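Structure first, commentary second.
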Amino acid sequence: MKIFSVTGLTGSGKTTVIEAIIRELKSRGFSVGTVKNIHAESFKMDTEGKNTWRHRNAGADTVVAHAHYETDILYNYRLPLHTLLKHFTEDFVILEGMGEASVENIAVCKEGETPQIGDLTVAVSGRFANSGVKEFKGLPVFNLSDIKALTDLIINKVSFVPAKDLIHGGNVEVKVNGEVLTLVPFVQNILKNAVLGVIKELRGYNEGAEVEVILK
C-alpha cells in the first residue's frame, strides 16, 4: 500500500486535486481509498434520534449501519490514523488535510500564497499552479492539465508501506499527546538510526534492547 497526503488550507484546491488523482489512478487499474480530515468539532455522520444514534447513546462502542448499498461503521471516538489505515486494502490511500501524518505529501495553496512544504513534500499543486510556475524551491509544480505527470511522480516517489507495518506499527512508534503518528518505513529508519547513533555511546545500552525516549 502507498499512502500520501494532500495538504493545504481551505479553498486551496485540495479536493479538486485529489479527485483528479483518483480518476487517473483508477484509469491505470489501481484501487484507491481516501481519508478526509474534518476539522468541525460538531460534525457527526449519525443523526440524533435515529436507531443507530440510540444504540450509541445506550453505550455501544461500535455501531454498524448495514444497508443494501453501503455499510457504515460508527466509532464513538476518533480513531488514531495508524488504526484507521488497517481498514484499507487499496493500492493507494490518499489523506486530505492531515498534515501531521509522516508520509509523503503534495502541498497546495491559493494563487499569491506560499506553499507550506516540508521534508516529505514531493510536489506542489492546487490553485498556486495556475500562475504558470513550474518549480518551487526545487519541487515540481503541477496544475490539473499535468495530472498524468503528477500521477507518474506519485507512483514513483511515494513509499510502499508493507501490510505488516500497518498491522504491527513497524519498529518505531512515536506518540504526540498520546496519539500514535503514522510513519512510513524510511522515516522510521531515519529516527531509529538517529536515536541509536546517540544511545549506543551511552553506558547501559545493550544491542537489541528496546529504547524509549520521552520528550516533554
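Keep in mind that what you see is a predicted model, and the values were worked out from it rather than measured.
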- Query: Which pair of non-hydrogen atoms, one from H55 and one from V63, has the smallest distance, and what is that distance?
  - Reply: CB-CG2, 3.9 Å
- With rounding to the nearest 0.5 Å, note down the distance linking CD in E104 to OG in S159. 3.5 Å
- Query: Given the rule in the side-chain contact (heavy atoms from CB on, under 4.5 Å) test, do Y75 and D61 qualify, once you have shown the distances and angles that lead to the verdict?
  - Reply: CA-CA 6 Å; Y75 292 88; D61 297 303; over 6 Å; no
- Query: Under 3.5 Å, is there a donor-acceptor pair between the side chain of R56 and the main chain of N51?
  - Reply: no
- For T34 and F88, the nearest pair of non-hydrogen atoms, with its separation, is O-CZ, 3.6 Å
- For residues 192-216, pull every pair meeting ring pair (Phe, Tyr, Trp, His ring centres under 6.0 Å), keeping only residues two or more places apart or in separate chains. none
- For the residue pair D72 and E70, what are the closest heavy atoms and their distance? OD2-OE2, 2.8 Å
- Query: Are I3 and L85 close enough that some pair of their side-chain heavy atoms sits under 4.5 Å apart?
  - Reply: yes
- Of all residues at least two apart in sequence or in a different chain, which pass the salt bridge (Lys or Arg N to Asp or Glu O under 4.0 Å) check with D152? R28
- side-chain hydrogen bond (donor to acceptor under 3.5 Å, both in side chains) pairs, two or more places apart, involving residues 111-128: N105-T121
- Task: Provide the closest heavy-atom pair for S31 versus E90 in the form atom of the first, atom of the second, distance.
- Result: OG-CA, 3.3 Å
- Can V198 be reached from L191 by stepping across I, L, V, M, F, W or Y side chains whose heavy atoms are under 4.5 Å apart? no
- Message: Please enumerate all residues that pass salt bridge (Lys or Arg N to Asp or Glu O under 4.0 Å) together with K134, with sequence neighbours excluded.
- Response: D146
- Query: CG of L9: more than 12 outside heavy atoms within 6.0 angstrom?
  - Reply: no
- All heavy atoms of A107 vs all of P115, minimum pair found to be CB-CB, 4.5 Å
- side-chain hydrogen bond (donor to acceptor under 3.5 Å, both in side chains) between S5 and E96, worked out: CA-CA 6 Å; S5 64; E96 179 175 346; over 6 Å; no
- Side chain to side chain, M1 and D91, heavy atoms closer than 4.5 Å: no
- Item | K148: salt bridge (Lys or Arg N to Asp or Glu O under 4.0 Å) partners, not counting sequence neighbours | E24
- Other than I154, which residues form its hydrophobic cluster under the rule that side-chain heavy atoms must be closer than 4.5 Å? F4, V6, V17, I18, I21, I22, L25, F30, V32, F92, I94, I106, V108, V122, F142, L144, I147, L150, L153, I155, V158
- Message: Side chains of N76 and T62, heavy atoms from C-beta outward: is any pair under 4.5 Å?
- Response: no
- Message: Is any side-chain heavy atom of L120 closer than 4.5 Å to one of V103?
- Response: no
